[in-house]
Each structure stands twice: as C-alpha cells, then as structure tokens.
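Computed from a prediction, not measured in an experiment: that's the story for all the values here. So that the names make sense, note that chain A is the first sequence line, chain B the second, and so on, each numbered from 1.
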There are 4 protein chains.
Amino acid sequence: MRSPPQNPHDLSRHDLQDILKTIHAEVRERFDAQKGKVADYIPALASVPRDTFGMAVATLDGDVYTVGEAHAPFSIQSISKVHTLTLALDKAGDDLWKRVGREPSGDPFNSLIQLEHEAGIPRNPFINAGAIVVADVILSHYDDPEAALLQFMRERTGNPDIGRDDEIWESERKSGYRNVALANFIRSFGNIKNDVQAVLDFYYFQCALKMNCIDLARSLQFLSDRGKCPSSGAQVTSIERAKRINAVMMTCGTYDAAGEFAFHVGLPAKSGVGGGIVAVVPHVLNLCVWSPALDEKGNSLLGGYALHRFTRMTGLSVF
Amino acid sequence: MRSPPQNPHDLSRHDLQDILKTIHAEVRERFDAQKGKVADYIPALASVPRDTFGMAVATLDGDVYTVGEAHAPFSIQSISKVHTLTLALDKAGDDLWKRVGREPSGDPFNSLIQLEHEAGIPRNPFINAGAIVVADVILSHYDDPEAALLQFMRERTGNPDIGRDDEIWESERKSGYRNVALANFIRSFGNIKNDVQAVLDFYYFQCALKMNCIDLARSLQFLSDRGKCPSSGAQVTSIERAKRINAVMMTCGTYDAAGEFAFHVGLPAKSGVGGGIVAVVPHVLNLCVWSPALDEKGNSLLGGYALHRFTRMTGLSVF
Amino acid sequence: MRSPPQNPHDLSRHDLQDILKTIHAEVRERFDAQKGKVADYIPALASVPRDTFGMAVATLDGDVYTVGEAHAPFSIQSISKVHTLTLALDKAGDDLWKRVGREPSGDPFNSLIQLEHEAGIPRNPFINAGAIVVADVILSHYDDPEAALLQFMRERTGNPDIGRDDEIWESERKSGYRNVALANFIRSFGNIKNDVQAVLDFYYFQCALKMNCIDLARSLQFLSDRGKCPSSGAQVTSIERAKRINAVMMTCGTYDAAGEFAFHVGLPAKSGVGGGIVAVVPHVLNLCVWSPALDEKGNSLLGGYALHRFTRMTGLSVF
Amino acid sequence: MRSPPQNPHDLSRHDLQDILKTIHAEVRERFDAQKGKVADYIPALASVPRDTFGMAVATLDGDVYTVGEAHAPFSIQSISKVHTLTLALDKAGDDLWKRVGREPSGDPFNSLIQLEHEAGIPRNPFINAGAIVVADVILSHYDDPEAALLQFMRERTGNPDIGRDDEIWESERKSGYRNVALANFIRSFGNIKNDVQAVLDFYYFQCALKMNCIDLARSLQFLSDRGKCPSSGAQVTSIERAKRINAVMMTCGTYDAAGEFAFHVGLPAKSGVGGGIVAVVPHVLNLCVWSPALDEKGNSLLGGYALHRFTRMTGLSVF
C-alpha cells in the first residue's frame, strides 16, 4: 500500500525560509489595501499598529523559521482555548464532552442563541461559551489554575517569561458584559459549577497571556507530534486525543469561518482577536502568524492570507 | 524536514483484509442493539433490511478489499452531491461559490431557516438547498445533464451498468414537497435560473442512482489521488480543487454531524440517507460503507461506527 | 355600574365629515415627504400612483362618509384573509384552530422559519402561511370556493360588481415562488389536504379581488355589529365569533406591526400590500383607508397615519 | 351616531357577585384536574398551595366584589411591570420607546435571542429584558426608586401596608442567573446606563412586592378611568397614555400567549408567575384573579379560565 510523502514538494530548509520571505513581501504589499479592523473593544488591543505582521514555523526536526515581528509578544486571546481544552481533557477525560459539544457553531462567536436552544451546552470548546465551561472544569480540577496554565505554556515553549498582560486583563474584566452574560446564562442551566466571577477571572487570565509567534507555534507541537512535546519531551496527551483536538480545530477553530479555512488553508487552526492564528501540519511542523486587522468573522485578515499562501507554496495540507 | 509515513501502522494487504473482517464481526454483533431507523419517507428505501452491511476499500495501488454486501447496489442519495459538485465546478469554476457557500449549516439537512437569513445562498453544496443550486448550474452548462452524470459515474468506476432506480425516482418526485418548497424558495431569491421542475427532476435523478460500495469507493478516487482518476486515467479536476472538495466534505459532508465525524473518524466523508458513506484517505485509499439504519442526524449508524473503527485500527487519519 | 358612551366626544354626522376632510388635508401635505414604497413585486400593483388616498367610514346607523379616492376599486390583497377566515370558521368551526394558531408571528410576513419550528402549523390566519391553510379548508368545504367568496363579498357590501383583477391574478400566479414554497412546505407536514396548485389558485383569487374603500368598510360591518351584516340582514357569524375575529385582527392583523397599531390606533385592523387597511370600532362603525405606499413592515404608511389621526380626533378606540 | 352600552348585559351589583360565585364554583371543580405547575424556581413561590384561588372586581363606581382568597397578599412578580412602565413614562416620556419596543415577543418570556437580533432593544416593556431597561430608566430619574414605587402602589390602592416579601427578594437575588445574564447582555449594547447590580436589585424589589387581588385591581384603575386614579383622585397619566398602556397590555401582557388571551378574554391584561393576572375593562371596572398553577407559557391556568368565564358571562370585552 502506497505511503506518499507528507512533504510533497520535497522542501528543504532553504526553501522554507524563502517561502516565508515571499509571503512577507506579499503581505506588505497588501497593508494599504487591507480592509480589516483591529479589535477595538479594549484600548490595549486597539493600540497595535494595523500594519504589523509576524510569522514563525517550527518543524518537528527542531528548526525554527521566522519573518517580521515573530519575536514580539502579543495578546493570544482565543488561541489559549486550545491549551485549556488540553488541560481540561487531561483531568476530566471524555466526560468533558457531556458539557460541551463538538460541532461548528454556525453563529457569530459570542452568540447566545444556540445556548438557549441547546439548554446551556455550548456547541464547541472554541466559542466563548464553550471556553468558559472548559475554564470551569479547570477550576474544579486544579488548585491553582493560573499557575497550571502558565506552567503548561512555559514547558511547551521553553520560555519562562510568558505571562499576563495586566492592562488587557483589567480591561477585559471591566468591559466584559457579554462574557458575564454568557457565564450567568450557562450557570442558569447548571453547566457552571464554580463561582461565576472566579471562572471569568481565569478566562480573562488565559486570554490576556502574551506570547510571540515562535512560542505559539512551539506550544502546540504536541498536536503535530502524536501528543508528545518536543521542548519538554513530555507526552502531553495521547495520540488519539491529539488527533481529536486537531479535528476540533479543523471544524471549529476559526469561529464561523471554519469552512472557509478548511477550503483555503486545509489545516487545523485556531485564531484569536489579537490577530494571531496557529496551525498544525500533522507529523511535520507548526506555524503561527500574527497580523492584528481582522475580517468580519474575527480572524486575522492577512494572517489567513499568509496561511493560504504557505499551504499553496509548500503543498502542505491535510487534504 | 521530516516526511513521516501516511501509512503509520505499516499496513500490508493481509492486514487490511483482516481489519475489514474484524469490523464486519463487530458490526454484526451490534445489529440487534442498533437504534437507528431506516429512511422510510419512500417505500423503496424503507424495504432495505436494517441488518444489511457492506464495506469496500479501494487503494491507489489498485487493490480492492470488501466484506458483506459490498457488491449489492443501493440508492446513493446525497453521496451524489460530491459528483455533481465536481461536474459543476468543472464548468462554472469558482464562480459557483458566489451562489453557494462553504460553511457547515449548523441546522438539520433540509432547513429553510438559513436560506431566509442569507437571501437564498445555501450554506454549502452538500445540504439539499445547495445541491439544488448545483443541479441548476449543471442544467445551465450541460446539454444532457443526466447523460453527463451517468458518463462521469461509469468512467470513474469502470462499471457501465450504473443507472437510475426508477421506483425511487418516481417516489421522490411524488413526495418531495420539501424539495419543491426549497427550490421555489431559492427561485424567489433569483438563485435558480432554469425551470424549477427540470432542476428538481435532475436532482431526483442523481439521488436515485444505484451503485455498490466498490463503485462508490472508486468513483471518488480522484479526490485521494490529486485530481486523477485511476480507472480512466483522466485528470478529473486540478490538485487544488481536489483538496478543496475534500475540505468541504470534511466540514460539511455529514449534515450537521461534521464535527462529530471529524472527531471520531478524521477523514473527509459524504453520507446519504440510503445508508452509504464514502470517505477519502488522501494519497492512500478510498472507502465506502453501507448500512441503512440512520442516526438522528441522517448518517448511517453502523457505517459511522465502521469508519471510526477502521481509522482507529489502521491509524489512517488526516490528523 | 357605569355604562360610559362609546362615542366619547359625542360626535355628530357633521363632525365626522369634517374630521375626514382634516385628515385628507393632512395626508396631502405628507405626500411629498412620504418614504414608503409602493409594492412592486408585480407590475399591476407598482403602477398605482403613490399619492393616492381614499377613506370611507360606514356607521352602524347606515351612514357613509368618504374623502379622496374612496370610490376607486383597488387590489384588496391580504384584507381578504378576514373574509376567508370567516367563511372557513363557518364550516370548520373551532377545529380550524387545530391547523392554524392565534399568536402574533413576530417575524416578517412571509417567513418560513416559524413553520419549521412549529411543524407546519402557521402562527395565525393572517400571515400568508395561515391564509393558505385557511384557503385549503375552504376548498374542502365549498363546491365552488371562488363563487362562495364572491357571493360573500357581494352580500356584505350590496355591490354586485365586485370581481377579480385578471392582470394581478395572472402576475401573482406567475411570480409567486415564495407562496409555492410555503404551500409545499406546509404540505410536507400534512397540513394541506387538497392539491397544492388548486389551493394556491384560490389564494391568488382572493388576493386579486378589487374593491373600494366603501365596499371594504361595509364588508366587515358584521364584526362591529355582533356578527350581523347590516347590508343583507344576515347573521354572518355568532356574537362570540365576531369578537374573536376582532381579537385576532388586533393581535395579528398588521403583519409584525400589531403592537404598533394597537398602540397608535387602538382598533382591530387588517392591512394589505395593495395599500388598504380596514378597521373596526365595535358597536359603532367601520373604516377603510387606502394609500399604496407601504412602510417596511408592509402596511400603508399614510393609511396608518390616517387611522391614528381618526382615533385621536374622535376619541374612538377600544381602550 | 350610535352609542351602545359598554354594559351590554345591563349587569346589576347583584349579578356581578353571583357571577363571581359561579366562577369560584367552576374553578373549584377544576382544581383536581388542573395540569399547571406552580412556579418552583424559588422555594417561597413553590410553597403556595396549588388549589388557591382568589378574585376581585373593582368598578369605577367604587364597588368591590370578591370571592376566595381575594384578601390574601401574594407575590405580584411581573404584574409590577405595568406600574413601573407608568412611572418611567411619567419621567422619560415617549423617549422611553427608543430604548424598548412595543411588539409581542413571539418567544418565551426570558429569551435572549431577540435581544441579539435587535441589538439590545427589548421587544416590549413586559418581557424581563424590557422591564430591566424600564428599571434602569427609573433609576436614572428617581432619587429613591423603591420609595417611589411603594408610594405609587400605596396611593393607587389606599393600602399603606404594601411592602416587599424579603424571602422572595433574597431568593430571586441569589438564583437570578438569567436576569444577571439579560442585564449584562443589554449593558453590552449600551442600553443600561446605571450599575447593573443596582438595576437588578430594583427589579427584584418590584417583583417581590406582595399585594392582594383587591389591591391589584385598584392599582390599575387609572387605566380604565382615562388616566385618573379613583383612590387618590390624582391624574396619574394622560388619557392617551392610559389607552396606550392598555394597548401594550393587550398585545404583550401575557408573555407569548397574548393572541390566546385576546381571543379568549378580550381585555388588556398582565400576568405574573406568582399566579396573578390583572385585567382592564375600559370605562367600567378592573379585575384581578389569583391561582398559582401556571400553564406552559407562564400564565395562571385557572386565572385565565376565570377571566374567560367572566367576560363570557358579563359580555364585557373591548371587542
């Protein structure tokens, strides 16, 4: 039975760096015309220059390739939902899936409609409602959830300096009326067990973490390497679970644009309103792009473009 | 850069046949307990014994493995939506995507709700509404749409006997009030250009085709082999388009259970209410399972189980 | 126990005519600024000059007061839904309410959404879906439904010339894709018993009737006079049923603007996209206004204004 | 022009008392078979015996008729929304209607769906979301909102003992996750101006007031007497505004059963989950019924029956 190469274009180290440079040049040409909007619901996010771009590739061989602002930390926001899902599954196991679904939402990312129809069970762990339930699970299982998440991030990346952006954390806490609404609504169905404010505080904490493109690409290498983290050598999760987290990223990782992403990019990916997107090429490498201007679905506009170009030029895609 | 094997368990020809036998045995044990319901909206579908099971694997090396009723033709129903999408893209190109979206529907498979919200643009080509628009595109581009589709099926499979089940075609024509409603609703938005009844007649035709598991597995081999059909040698579609059709199958191929399928099976797949499901392992092989009892989302219950077991035992998955 | 006058301003015959003249003058001043849009989905409706206005009041004492184009016949459209509801209740009795509800729709007037949620039971008899079910009931009970409706209209008004506008009937038949969708969708739930096309043909017939303001005001006098028709002397329906039809008009008679109408006008009323609105002042009189430019909810803009002014100046209101 | 009696059956004082007795007897016969459910989301409501029934009629002549538990105070819950609407309109005038609509909701009474569709503008002031906005308006205009509401209630009824049920207030505060969700969701759209918790505390206060049937009937007599309160002699609101509040009660006063209520009862009415319903017969009298078992829409089951029988036997109805 045939076993074709996952590296279909037979890419060398040199090729990869060239591809990133080409993408960077293309992206810069698009800065002026980009119509996206930097998230402005809190000042700390709005202040990031819209013409920022960074990209990092971390192969399972241990190589790292970068262009642009790949070393500048930014607010990871919803990308953290992949990490907390992993932490929650580690403790709660598949029982977690009784409290949160695995289907695309088909609705804007902070919609309350679906919750009402489905009695407080969020459609998937990557919409805000689902991530808040995951945060509640973490609070039930970890004595110090913030420390546990920080440790997870630091071990995955080998970077001990990862931490919270205090200004963003404060702003989100103050202005997060919709998240307060979501959490209380879920609580009214009994699907939050801990104190609502404590759950939200942890949720704001995870969103307010600052990491750079290299950190983020590395932080999810266990998802391309059958559950094993190359940085720490730890078996972070099982082979099966790593595949399944990738599956959830593929169908639910980019708000209600998962179909478009699968079509144009063809990789499991998770985006955040800070403008970051991470993607997984199983068995081969991980990527992270960052560009703060968002499309109307909340995904980085030039980040999406860069991922599309990368898979086109490298031939890497799960399909 | 690493290029890991797509055949991770280093499967031999012998192993594959054993795996199919094991799955067949497991499925038979589950016949009595299965809660699914055979589609009964038309008599010809309802008459298929609920304990039927067939499965075929067709590798890109040209080998075929089967168990159970893999040689018995059945009603392919919505699986035909993959073939008509391919035919329509061949003529209309990417303009097709102006008339039909690529996002999971998040709603039951014949819902009218989304159409109203999105002004007559169906969410994707694999819900009924989307397939009806695709049928309309085919009517605009082919002189004899039925002949074109038949020829496509026969060339992909090498089987000249594929044809329409007259009884099913008649029944669907007579009882298809919802499809009449859908088509007229879309027409009211201007997104059907041909005579509504002619569009529906072609749509009923494609659903009423009868094929067996081997035919169906073969018919989509161009999707695992970079657009090339091993049976006829033809380049059916471009590499890029083949990947993209796989992506649409992954996110939209199993009604509103695409998230569950990605999670449990991890392969692009398309199901039909006749109980068939086809799946694609890019670069390696194609599968088709058939078992008529359906879960509440309209997908074959034991078919889904068989696919799940297959990917678990072989380690084959895009993730 | 107190029995206050229903005619709180002690209006005389002279006063009423003056009030109509004042309203006419006010309406004419508003012609230039009106933002409404004449229904243009069929040419015959679109051709009515947008500055048309007519109004008629028919008291239970037998007096009639008019201004403007009160003698010009126009397309009554959905106003006919009150007459067909009366005819259907006469034959089917309260069993009718098993097939159609009595709640405001809360949705645009030809929405399919609610039908899906409520399994083919339209929310009320005054949305298109509900009127189509009522038409189906009439087809089941009358040998010649069109003749029965014509006779009803002629007896209520004393006008033997009432008939169908052939051009409008033809146009609606040709372009009514949404109504075809609605009817087939309801049929798929089993809530239409007769041939779908025959039901629609009767529905288009009732919408295509032409009547003037005086006819329309008179045609519903049985609703203000305890079920009795002053023109023919017939007891058209029971006291209780007359009250209840008024109640349905109050809560459902003006598409999804029933709350606004109750608030600003305070009378049971039914509108049509031809620009007509009839209203009932129980025990006292009936009105009809006509002005073709519609607001975004489908109700006559200046017609609504005229009714508001009339109830304000006369003090007549059910509240 | 005719001025027919509002008291169509020429009812005497004696008749009215007899009618109440008859209704009481009919209701008692229905106690065993009633399928409704006493509100049980807080213990203090759940503890009310389900076979409780009280009814009071207060005519504009100053007479009061009662049966059953008409003197026993109960939790008025959402009935208070009529009083707070009146207070808010008094200060904010018609500007209030920019922040809350006047259309029936068409959805269950604490739905969040509509709010999302209409950007934080609740459909009407009688659903929870609307009443929370009204509460916010009151907080903006009154120095001591609780004192103002208490004074309003005491002056309307002549009963200085009306006050809050502390246990209910505490319970609602503790378990009101849905209301916290609603208020924060509205706040996220900017349609709440004061501190969310302060708004909710006032909202819980108004719901936790205890009044008996006589108090409640009297408290809304200004709505049947052209804005004038017979108890205090005060002109509480204008004639026009009194009519309009009646109109809003007619179309929105009984959650999403307003159509049914208009059909079966034919009077402006407002219900609460404590089992009370008040109704207005313009120019003639006011009623209040109380029976705690609720139908699936949240309205008192036997209360609705009693009102239906009352209007049937007296012939009183706005239609």
Side-chain angles (χ1 to χ4, degrees), chain A residues 1-8 10-13 15-16 59-61 63 97 101-107 114 123-124 223-226 239-240 242-252 256-266 268 280 282-285 311-312 314-315 317-319, chain B residues 1-8 10-13 15-16 59-61 63 97 101-107 114 123-124 223-226 239-240 242-252 256-266 268 280 282-285 311-312 314-315 317-319:
Chain A
M1 204 167 68
R2 215 187 287 188
S3 292
Q6 259 289 3
N7 180 349
D10 209 13
L11 295 163
S12 71
R13 166 188 293 254
D15 297 334
L16 264 187
T59 73
L60 291 191
D61 299 327
D63 297 321
W97 302 116
R102 285 173 304 223
E103 290 300 332
S105 66
D107 274 310
Q114 170 272 331
R123 278 229 131 183
N124 68 63
L223 292 178
S224 52
D225 203 15
R226 305 168 176 225
I239 298 182
E240 275 311 308
K243 285 183 185 181
R244 289 174 165 191
I245 294 173
N246 285 336
V248 181
M249 290 174 79
M250 177 65 88
T251 53
C252 314
D256 56 339
E260 283 303 292
F261 251 76
F263 188 87
H264 284 300
V265 174
V280 177
H283 314 299
V284 184
L285 57 78
T311 55
R312 193 71 188 253
T314 60
S317 148
V318 304
F319 302 120
Chain B
M1 205 168 68
R2 216 187 286 187
S3 293
Q6 258 289 4
N7 178 352
D10 210 14
L11 294 163
S12 72
R13 164 188 292 254
D15 296 333
L16 265 186
T59 73
L60 292 191
D61 298 328
D63 298 321
W97 302 115
R102 287 173 303 224
E103 291 301 332
S105 66
D107 275 310
Q114 172 271 330
R123 277 230 130 182
N124 67 64
L223 292 179
S224 51
D225 204 14
R226 304 168 177 228
I239 299 182
E240 276 309 308
K243 286 183 185 180
R244 288 173 166 192
I245 293 172
N246 285 335
V248 180
M249 291 174 80
M250 177 65 88
T251 53
C252 314
D256 55 340
E260 283 304 292
F261 251 76
F263 188 87
H264 284 301
V265 175
V280 177
H283 315 298
V284 185
L285 57 77
T311 55
R312 193 70 187 252
T314 60
S317 148
V318 304
F319 302 119

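- Once rounded to the nearest 0.5 Å, the distance linking CZ of A:Phe319 with NE2 of B:His283 reads 11.0 Å.
- Top candidate by heavy-atom pairs under 4.5 Å with chain A, chosen from B:Gly101, B:Ala257, B:Ala242, B:Cys252, is B:Ala257.
- Heavy atoms only, all atoms of each residue included: B:Ala262 and A:Ala247 are closest at O-CB, 3.2 Å.
- Atom-to-atom distance recorded for B:Phe263:CZ and A:Thr251:OG1 is 10.0 Å, nearest 0.5 angstrom.
- For A:Glu260, the salt bridge (charged side-chain N to carboxylate O under 4.0 Å, His left out) partners two or more places apart in sequence, or in a different chain, are B:Arg102.
- For chain B, the option among A:Met250, A:Met249, A:Glu240 with the highest count of heavy-atom pairs below 4.5 Å is A:Glu240.
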